[in-house]
Number of protein chains: 2
Amino acid sequence: MSKVIPRYKAIRAHLEQGIRERRWCPGERLPTEMALAQEFGVSRMTANKAVQELVAEGVLVRHQGLGTFIAEVRAESPLVGIRNISDEIQERGHVYSSRLLELSEVAVPAELAAQLGMVAGAPVFLSRIVHQENGVPIQYEARYVNPLHAPGYLDQDYRQQTPNQYLSGLFPLPDVEHVVEAVRVDVEIEALLQLEPGEPCLLLHRRTWSGSKLISYARLLHPGSRYRLSSRAAGGGGASAPR
Amino acid sequence: MSKVIPRYKAIRAHLEQGIRERRWCPGERLPTEMALAQEFGVSRMTANKAVQELVAEGVLVRHQGLGTFIAEVRAESPLVGIRNISDEIQERGHVYSSRLLELSEVAVPAELAAQLGMVAGAPVFLSRIVHQENGVPIQYEARYVNPLHAPGYLDQDYRQQTPNQYLSGLFPLPDVEHVVEAVRVDVEIEALLQLEPGEPCLLLHRRTWSGSKLISYARLLHPGSRYRLSSRAAGGGGASAPR
DNA sequence: GTCTCGTAAATGTATATACAAATATATACA
DNA sequence: TGTATATATTTGTATATACATTTACGAGAC
């Protein structure tokens, strides 16, 4: 049962190997679709499919009329997948639980008004939750939600589903922005996350849009000693340029 | 000058909008390629192109013989682009400079042997550099390099190019693994990065492979108060920015 | 009732072709 | 010399078609 490998995959592999072996210098033009098609004895559209895959992954860039080149900067090079915390915990085979600290309508704090695209003092829904992995705090979540877009936000039971899960159901295919930083936290958070004194935290800011509507802004705090973001991706900071 | 929009883009947009409007429930089958083709009056291959784009981005999944479905978990949705620090600084229009602290051959520390895939005590190249943005320390880099794969590593001038740039030139299209965490640092690093006492740091572990060969392992430390990783999925962004 | 097999449906791969659009280069002209 | 124009090259989009592959489902044999 030798598996049949599609021919465009062979062309794709040939291109990837060629890049690794530096068969083409940065700025140099790679073979045209026609050249690849003839070399491999396939039609132009088959060669096109191989090239397009690498373009989609940010490995190559093409310019109409010019040719195909190695991408100078990978579009979405190394990536850190950030998922729903409860999914993440359950995928590790651990027990997820949570503590709901607050669920209320508050006035937008001045320092968050810009983030939320609202005027300071406007009403906004706020939920504060500690997420736990095997009973150990792993994330403190403070989420601000635009009441216009999610009017039922306060009526949910966030022991059954996380706010993120609720909002994902309301707004599929959101645009998401993440900012990651390392911070110190105050004593309240220190207690909630059961941190050692002075222990740093990984802070994720997460904003989600649906179309042009800003749905919510969340501050997600993880104990530095108990949490990491990680990822492995193909392709990285190669330096090459057309022209 | 009304721009001509390719027809497959219209189909793609139609599918995305349909997902946002929850026209199809999770688990439900989306229209087949033939159905889309007839609905839009195009050939099946044109509809295929639209669907394939969304599959490549992890929005949809397809099963031969079954149909097309909304992806339960976005394969690699939110992403944090991590690039070469000097490129990043120069793109911000700032001045990049660096301080070379060390460039030598050392024995693999026991705690890093596993990371490097080497036995403890084996010889390894080590470079330690402080990268500066407008003269202000922004990254401390400690990089361990396999001497078998990059024998000329110690002979480079790392004021002219960063170790990452040198290695990227040697090994295009690497596989890259990142781990991000928040840590406290010792007084040496505190002084090198000009940190306030007790200021947390964002620590990036970066390992790069070429094929199956592990090329290098780098620990990249950023001042928590001066550095963030950020990204926006399905939009611009995709870089790091200081405050 | 259970198993096997055929068929329908849907996606996966591949071809040959055609024309559009963008780019660089060569050419003609003032 | 400088500028406009034509041309060749290359990628972008689109079609119509063909056959392969996977899956579910139902019909028929036992």
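Only heavy atoms go into these numbers, but all of them, side chains included; no hydrogens, no water, no symmetry mates.
One finds no side-chain N or O of A:K49 lying less than 4.0 angstrom from the OP1 or OP2 phosphate oxygen of C:dA14. In terms of phosphate contacts, B:R62 brings no side-chain nitrogen or oxygen within less than 4.0 Å of OP1 or OP2 of C:dA10. Of the side-chain N and O atoms in A:T68, one or more sit less than 4.0 angstrom from OP1 or OP2 of D:dT11. Here B:Y8 does not reach the OP1 or OP2 of D:dA14: none of its side-chain N or O atoms lies under 4.0 Å away.
Heavy atoms of B:V51 sit nowhere under 4.0 angstrom from any nucleic acid atom. Backbone-only contact: B:R7 has heavy atoms under 4.0 Å from sugar-phosphate atoms and none from a base.
Under the 3.5 Å distance criterion, the side-chain polar atoms of A:E88 are left unmatched by any main-chain donor or acceptor of A:I85.
Comparing C:dA14, D:dA16, C:dG12 by their closest approach to the side chain of B:S43 singles out D:dA16.
Regarding A:E53, its CD atom lies at a distance of 12 Å from the C1' atom of C:dG12, rounded to whole Å. Straight-line distance from the CD atom of A:E33 to the C1' atom of D:dG12: 9 Å, rounded to whole Å. One atom, CG of A:L66, and another, P of D:dT11, lie 9 Å apart when rounded to the nearest Å. Separating the CZ atom of A:F69 from the P atom of C:dT23 is a distance of 11 Å, rounded to the nearest angstrom. Computed from coordinates, the B:K9 NZ to D:dA14 C1' distance equals 15 Å when rounded to whole Å. Atom-to-atom, CG of B:L54 to P of C:dT11 comes out at 14 Å; the value is rounded to the nearest Å. Rounded to whole Å, atom P of D:dA14 lies 11 Å from atom CD1 of B:I5. Per the geometry, CD belonging to B:Q52 stands 10 Å off C1' belonging to C:dT13, to the nearest Å.
Side-chain atoms of B:Q64 come within donor-acceptor range of the base of C:dT11, with a qualifying N/O pair under 3.5 Å.
Note: A:Y166 and A:F171 fail the aromatic proximity criterion, with ring centroids not under 6.0 Å apart.
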If you apply the rule side chain to side chain contact (heavy atoms under 4.5 Å, CB included), what do you find for A:F40 with A:H14, and how did you get there?
CA-CA 10 Å; A:F40 284 81; A:H14 172 258; 3.6 Å; yes
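With respect to B:H131, the ring pair (Phe, Tyr, Trp, His ring centres under 6.0 Å) criterion is satisfied by exactly one of B:Y96, B:Y158, B:Y140: B:Y96.
With a cut-off of 3.5 Å on both Watson-Crick or G-U wobble distances, the partner of C:dA30 is given as D:dT1. Base pairing of C:dG12 is made with D:dC19, judged by Watson-Crick or G-U wobble geometry with both donor-acceptor distances under 3.5 Å.
Projected onto DNA chain D by closest heavy-atom contact, A:G67 and A:M45 fall at different nucleotides, the more 5' of which corresponds to A:G67. Residue B:R29 is the one, among B:R29 and A:T46, whose nearest nucleotide of DNA chain C lies closer to the 5' end (criterion: closest heavy atom).
Side chain to side chain, B:R62 and B:T68 meet the donor-acceptor criterion of an N or O pair below 3.5 Å.
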